Amino acid sequence: MSGELKRGLEGVLVTESELSFIDGDAGQLIYRGYSIEDLARDASYEEVLYLLWHGNLPNSEELDDFASELAAHRSLDDGILDVARELAAQDESPMAAVRSLVSAMSAYDENADFEDVTDREVNLEKAKRITAKMPSVLAAYARFRRGDDYVAPKEDLSHAANFLYMLNGEEPNDVLAETFDMALVLHADHGLNASTFSAMVTSSTLSDMYSAVTSAVGTLAGSLHGGANANVMRMLKDIDDSDMDPVEWVEDALDRGERVAGFGHRVYNVKDPRAKILGEKSEALGEAAGDMKWYEMSVAIEEYIGEEKGLAPNVDFYSASTYYQMGIPIDLYTPIFAVSRVGGWIAHVLEQYEDNRLIRPRARYTGDKDLTFPGIDER
Ligand SMILES: CC(=O)SCCNC(=O)CCNC(=O)[C@H](O)C(C)(C)COP(=O)(O)OP(=O)(O)OC[C@H]1O[C@@H](n2cnc3c(N)ncnc32)[C@H](O)[C@@H]1OP(=O)(O)O
Ligand SMILES: O=C([O-])CC(=O)C(=O)O
């Protein structure tokens, strides 16, 4: 065993994967051979799911069938709606609500306890159910907490458009639906990020897909990972409310030793390619609304942090102002990330099951070894 300590598993190779490639120096991201720029421009989220799960792009018949199967799984059982209502009544945070609701979904899936957890056909069925229902549970929960009724899904809408419909109770226009679809494509996979790794660790024990996705949602929630997108928008709003110059505000935060949400990355040494695409979307939405405030504030912060700290924006930086300008509540940004990333989590879980090896690293022990056990009265 190598005695070299790699804190945070930084740079450690633990498996092989055909799913996504990241060149952190070039700022390049590829899903199964296709560049993120091409996919963001030309592929729907449904196509990306098919690509990730099946290994190739679907032809039009395969895509139609796949999209219809997915759409048919969107509706929610009454029991799930009851859980969502109760979580909303308890003012549970949206990310914790999604975590609990994904876990609860297994109770309504007759295949949840299928004996062979690695069975690919059964797992593809579970994959469609979970991925189709995640936006539905999020929309239902978000409506219940503001006192609105559940809006049933529409099967004739795209995955992206249907979520916005279920959230807002009205069908989105093309710009909103396309922007949201592109955001789902951009967030779908990203190598062995922490939440994906969490899903892999869970499945490597031969636990089931619901457990793996539940672990992953919990891992994505943290502020160093998916939780950063909501924190970016909270920061932009704080800056706006403070009437301070954005650069001065950020300078003060850095002086206090704080981390600025949406900057830095374990793998990228340059600007995240997804941040470039989302930045363009944020700019376009600002132009359409005739209000460039959020985009311009973001650009000023990006320039300053680049010069001052040599840090570049990650995916969470410009998704924040993009979602804000789409009218999405801030605390839904991270669960929306989960609604997309579930496709990648599942793809990695399928890979894990195909060639499983228990994931079990070690720690270097730094505690005592030769203490004498004292009786209770001696302590
Ligand atoms: C979808 C995603 O998960 S993308 C990441 C989302 N998370 C964020 O945006 C939160 C803010 N960013 C961060 O905390 C970090 O950049 C991480 C956790 C994402 C990556 O961290 P690591 O790879 O572990 O980098 P590390 O913590 O070693 O940072 C290196 C240096 O940059 C600094 N740094 C890194 N990110 C930031 C930041 N956002 N703001 C200020 N300083 C930062 C660190 O303080 C450290 O400086 P030091 O060497 O003087 O102590
Ligand atoms: O890869 C990472 O560590 C974090 C990230 O950008 C992602 O999960 O999309």
Side-chain angles (χ1 to χ4, degrees), residues 5-12 14 17 19-25 27-31 36 39-40 48 52 95 183-200 215-236 246-247 249-278 298 301-323 333-348:
L5 194 85
K6 295 276 191 181
R7 283 184 41 84
L9 295 179
E10 188 161 352
V12 175
V14 296
S17 173
L19 292 167
S20 50
F21 170 78
I22 304 162
D23 183 331
D25 294 321
Q28 184 186 29
L29 172 60
I30 288 169
Y31 297 167
I36 197 65
L39 292 168
V48 166
L52 290 172
M95 205 49 181
L184 294 180
V185 167
L186 291 177
H187 288 82
D189 195 36
H190 208 247
L192 296 205
N193 62 87
S195 53
T196 297
F197 190 58
S198 182
M200 289 168 62
S215 304
V217 176
T219 308
L220 184 69
S223 62
L224 295 185
H225 192 15
N229 57 8
N231 287 340
V232 170
M233 199 60 227
R234 292 184 185 114
M235 169 179 74
L236 297 179
V247 167
W249 193 99
V250 169
E251 203 176 353
D252 285 356
L254 289 174
D255 286 347
R256 290 192 298 271
E258 290 173 13
R259 289 195 172 207
V260 181
F263 285 87
H265 200 277
R266 180 58 69 78
V267 182
Y268 292 115
N269 300 315
V270 295
K271 186 167 176 172
D272 184 325
R274 301 166 296 177
K276 280 189 198 155
I277 301 169
L278 285 161
S298 304
I301 295 170
E302 175 182 350
E303 284 171 4
Y304 174 73
I305 295 201
E307 281 161 24
E308 196 61 25
K309 300 280 287 183
L311 291 169
N314 58 49
V315 66
D316 290 325
F317 191 60
Y318 284 102
S319 65
S321 51
T322 300
Y323 295 152
Y333 298 1
T334 310
I336 281 172
F337 195 153
V339 158
S340 163
R341 182 56 58 84
V342 66
W345 293 333
I346 286 172
H348 285 270

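Because the structure is predicted, anything quoted here is derived from the model rather than measured. Whatever order the structure lists ligands and atoms in, that order sets their numbers, starting from 1.
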Can you check whether a protein heavy atom sits less than 4.0 angstrom from [atom]?
atom	result
atom 47 (O) of ligand 1	no
atom 2 (C) of ligand 1	yes
atom 38 (C) of ligand 1	yes
atom 50 (O) of ligand 1	no

Steps toward side-chain hydrogen bond (donor to acceptor under 3.5 Å, both in side chains) verdict (Thr219, His225): CA-CA 8 Å; Thr219 308; His225 192 15; over 6 Å; no

Give the atoms of ligand 1, by number and element, whose distance to some non-hydrogen atom of [X] is under 4.0 Å.
X	answer
Gly262	8 (C), 9 (O)
Asp316	1 (C), 2 (C), 4 (S), 6 (C)
Lys309	42 (N)
Gly264	16 (O), 19 (C)
Val315	1 (C)
Phe337	1 (C)

Which residue supplies the protein heavy atom nearest to [atom], what is that atom called, and how far is it?
atom	answer
atom 8 (C) of ligand 1	Ala228 CB, 3.5 Å
atom 4 (C) of ligand 2	His265 NE2, 3.4 Å
atom 10 (C) of ligand 1	Ser223 O, 3.7 Å
atom 1 (O) of ligand 2	His190 ND1, 2.7 Å
atom 32 (O) of ligand 1	Leu311 CD2, 4.3 Å
atom 28 (O) of ligand 1	Arg259 NH2, 5.0 Å

Donor-acceptor pair between Arg266 and Asn193 side chains, under 3.5 angstrom: no

Tell me the nearest of [options] to [atom], using heavy-atom distances.
atom	options	value
atom 24 (O) of ligand 1	Glu10, Glu308, Arg266	Arg266
atom 40 (N) of ligand 1	Asp272, Asn314, Val260	Val260
atom 9 (O) of ligand 2	Arg341, His225, His187	Arg341

So do the side chains of [X] and [Y] get within less than 4.5 Å of each other, counting heavy atoms only?
X	Y	result
Asp316	Phe337	yes
Leu19	Tyr31	no
Leu236	Ser298	yes

Backbone of Ser319 reached by a side-chain donor or acceptor of Asn229 within 3.5 Å: no

Parallel, tilted or perpendicular: ring planes of Phe263 versus Phe317, cut at 30 and 60 degrees: tilted

Backbone or side chain, does any N or O of [X] fall under 3.5 Å from an N or O of ligand 1?
X	answer
Ala261	no
Glu258	no
Phe263	yes
Leu224	yes

Candidate pair His348 and Asp189, rule side-chain hydrogen bond (donor to acceptor under 3.5 Å, both in side chains), full reasoning: CA-CA 9 Å; His348 285 270; Asp189 195 36; 3.0 Å; yes

Show the nearest heavy-atom pair for residues [X] and [Y], with the distance to one decimal.
X	Y	result
Val315	Asp272	N-OD2, 3.0 Å
Val232	Ala320	CG1-CB, 3.5 Å
Asn231	Ala261	CB-CB, 3.8 Å
Ala228	Ser223	CB-O, 3.6 Å
Val270	Ala312	C-CB, 3.7 Å
Ala183	Ser340	O-OG, 4.4 Å

Mode of Arg266 contact toward ligand 2 - side chain, backbone, both, neither (heavy atoms, under 4.0 Å): neither

Contacting atoms of ligand 2, where contact means under 4.0 angstrom from a heavy atom of Arg274: 5 (C), 6 (O), 7 (C), 9 (O)

Mode of Ile305 contact toward ligand 1 - side chain, backbone, both, neither (heavy atoms, under 4.0 Å): neither

Aromatic centroids of His190 and Tyr268 separated by under 6.0 Å: yes

